[in-house]
Amino acid sequence: MAVTATHVAPAPALDVERVRRDFPILERTVNGRPLVYLDSAASAQRPLAVLRAVERYETHCHANVHRGVHALSQAATDAYEGARERVRRFINAKSTREIIFTRGTTEGINLVAQAYARPRLGPGDEILITGLEHHANIVPWQMVRDQTGCTLKVAPIDRRGEVELDKFLAMLSPRTRLVAIAHVSNALGTVLPVKRMIDAAHAQGAVVLVDGAQAVPHSSVDVRALGCDFYAFSGHKLYGPTGIGVLYGREELLEAMPPWQGGGDMILTVSFEKTTYNELPWKFEAGTPNISGTIGLAAAMDYVESLGREAIAAHEQRLLEHATQELERMPGIEIIGTAHHKAAVLSFTLAGVHPHDLGTILDAEGVAIRTGHHCAMPVMTFFDIPATARASFGCYNTEAEVTRLAAALDKAREVFT
Amino acid sequence: MDLKELYRDVILDHNKRPRNFGRMEPCDAHAEGHNPLCGDRLTLYVRMKDDRIEDIRFEGKGCAISTASASLMTEAVKGKDRRTVNELYGRIHSLLTQQDAVPDASLGKLAALSGVREFPARVKCASLCWHTLSAALERSAAPVSTE
Ligand SMILES: Cc1ncc(COP(=O)(O)O)c(C=O)c1O
């Protein structure tokens with residue numbers, strides 16, 4: 001039977017109870033209550049499919065990659081390079097030469113800062129970021145600023161937690177050499193209009209890096225449709241392992257960049273006089289990589305696609321709406337981050353109860369949320385608060401868990417009155 | 001885990017109405033404490049008379065445990081000499097970290113902090129003010145303190 005390409009069936013709804021069975025950790029109790037895990041934005045839990053893929057690799061295929069003729073080394077190399085192809089498809093990059101494995105988002109951004117920005121920028125040049133960035137998308141640029149004498153500019157956000165787009169656009173100029181922006185804010189949930197921002201930056205000749213750590217788990221990301229030059233994300237927020245991440249870079253840019261770290265795997269030939277560097281992407285992968293991490297990441301991508309990225313996004317949006325309505329009803333709750341377009345992240349404060357106390361009380365109820373500054377201290381400063389409590393949702397969360405969150409918040413208010 | 005053990009009435013009361021709260025000017029020394037985990041900040045001011053803390057105040061934003069601990073501390077150390085304060089710090093430290101520590105009567109209201117040890121993530125909140133006090137006292141001991 002032929003199915004025309006234009007006829008796309010609506011995403012089937014997630015069967016959450018079935019999804020939950022894929023995550024063994026969700027069966028455990030915390031402080032005598034069934035765990036309610038609302039901290040996926042910090043790190044998501046792993047499904048059995050990921051754990052098993054890693055186990056299968058470790059028990060059947062492990063050896064070093066690109067190193068030997070023996071069977072295991074070949075199997076490991078195939079698995080590792082197969083994972084790279086899996087990632088390419090996941091974000092629709094043109095070539096696996098554009099997929100560099102890193103430790104995570106942080107390392108990807110630092111790679112671009114040191115290998116792209118540092119050799120090119122100098123006094124008079126500008127880097128533009130926004131007021132809602134994670135420290136991982138601030139500090140590497142401050143380092144480049146201090147190393148090169150370039151200027152670091154910050155486009156402001158408004159009280160809803162949205163980037164003031166007109167100001168962002170006005171701050172772009174031919175001096176802007178690099179723009180580094182979050183796709184989704186981890187502290188506020190704001191989804192940025194990255195496509196517009198990228199186009200405007202390109203019109204001024206700037207190169208754009210997108211920090212996709214919080215976007216990849218909640219939506220389909222197509223780096224070619226976005227047109228970004230670099231895109232960084234982490235495996236552990238996408239139901240994959242920790243210690244593995246991806247930097248996508250456009251081939252022409254990566255090709256022109258010097259290597260970042262030196263060592264094995266990133267070279268073709270070495271003598272004491274001269275070394276020739278390996279081709280892309282290995283030029284940027286010095287040393288033995290996190291092989292099992294890439295296997296787990298590829299399995300996580302398979303898993304996410306088996307559920308359907310649109311289905312996950314729709315499910316999370318329902319939870320976000322439900323939780324927002326519940327919390328808005330509660331006296332003393334203020335939601336921090338009320339952008340029109342948000343991902344499944346809900347930051348809030350409760351009057352008279354410090355977020356840290358809230359975290360402890362909710363934990364006693366078995367509800368895991370994040371409290372603190374979320375590695376976004378400038379966001380906290382902007383809203384003039386020391387910290388927020390943050391509930392974030394993943395494919396395995398349920399409406400009943402939102403109700404447990406609300407009940408635990410009632411309990412917190414009780415303790416403090 | 002019993003929340004009532006952590007958030008005892010004394011703690012809730014000192015959180016709501018912290019004693020010795022606010023700036024002190026002039027003072028002999030002040031020090032700032034910062035708990036990067038929760039974003040808590042605390043500034044402590046001391047005025048010394050010879051070897052004794054004549055007056056002490058604090059200000060800042062913090063969680064209930066850190067605010068109450070600072071408030072209780074200021075009440076407990078006012079009028080005490082350095083050696084007594086150091087001893088008290090040692091006993092508070094044991095109280096917060098050792099499972100079997102029994103609060104002795106001399107701790108007075110500070111004994112209310114004993115519930116914190118069941119919540120290891122919160123020990124730093126309770127000890128922040130004491131670290132900060134040590135720093136302030138060290139400064140006040142420096143021969144030329146212009147602060
Ligand atoms: C928006 C954003 N950027 C960057 C990071 C850093 O990711 P990682 O710690 O995995 O390198 C995070 C993770 O908290 C994030 O949420």
Side-chain angles (χ1 to χ4, degrees), chain A residues 29-35 39 42 134-135 139 187 332 336 347-390 407-417, chain B residues 1-18 21 32-44 58-72 96-97 112-132:
Chain A
T29 57
V30 167
N31 296 315
R33 321 276 162 106
L35 165 68
D39 198 16
H134 186 281
H135 296 162
V139 183
I336 308 293
S347 255
F348 58 92
T349 56
L350 175 56
V353 187
H354 189 281
H356 214 188
D357 295 309
L358 211 49
T360 295
I361 296 170
L362 265 56
D363 187 52
E365 298 291 307
V367 179
I369 57 162
R370 171 91 184 261
T371 58
H373 52 63
H374 316 295
C375 295
M377 284 188 182
V379 172
M380 301 299 121
T381 305
F382 175 79
F383 285 99
D384 195 23
I385 45 180
T388 74
R390 180 187 73 184
L409 289 171
D410 279 334
K411 168 96 188 206
R413 196 177 318 100
E414 236 169 71
V415 170
F416 273 81
T417 46
Chain B
M1 237 169 47
D2 187 0
L3 285 174
K4 285 252 155 23
E5 275 297 296
L6 182 63
Y7 296 112
R8 295 184 197 183
D9 290 343
V10 178
I11 305 269
L12 293 173
D13 173 50
H14 277 256
N15 174 50
K16 224 177 202 166
R17 298 184 299 117
F21 190 81
E32 250 185 65
H34 182 211
N35 182 347
L37 186 68
C38 53
D40 287 359
R41 276 173 200 282
L42 166 98
T43 310
L44 205 63
F58 80 102
E59 62 176 359
K61 274 188 193 163
C63 65
I65 304 303
S66 97
T67 304
S69 179
S71 172
L72 288 165
L96 292 175
T97 54
L113 291 167
S114 66
V116 175
R117 64 178 174 226
E118 301 296 331
F119 298 80
R122 306 305 299 277
V123 169
K124 279 201 172 127
C125 309
S127 58
L128 178 67
C129 58
W130 288 93
H131 288 299
T132 314

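The basis for the numbers below is simple: all heavy atoms, side chains too, and nothing from hydrogens, waters or symmetry mates. Letters A, B, ... mirror the listed sequences (proteins, then strands); counts begin at 1.
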I'd like a table of donor-acceptor pairs (distance under 3.5 Å, sequence neighbours excluded) in which one partner is a side-chain atom from residues 378-389 of chain A, with atom names and distances.
unit_1	atom_1	unit_2	atom_2	d
T381(A)	OG1	M377(A)	O	3.0
T388(A)	OG1	S347(A)	OG	3.1
T388(A)	OG1	H374(A)	NE2	2.6

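- With values rounded to the nearest 0.5 angstrom, N35(B) atom CG is found 6.0 Å from L128(B) atom CG.
- With a threshold of 4.5 angstrom between heavy atoms, I65(B) approaches chain A through its backbone and through its side chain.
- Under the 30°/60° scheme for interplanar angles, the aromatic rings of F21(B) and F58(B) are found to stand perpendicular.
- For the atom pair T349(A) OG1 and I336(A) CD1, the distance stands at 4.5 Å (nearest 0.5 Å).
- Looking at K4(B), neither its backbone nor its side chain comes within 4.5 Å of chain A, counting heavy atoms on both sides.
- Contacts of R122(B) with chain A are made by side-chain atoms alone, with heavy-atom separations under 4.5 Å and no backbone atom involved.
- Between chain A and the residues T67(B), L6(B), L12(B), N15(B), the largest count of heavy-atom pairs under 4.5 Å involves L12(B).
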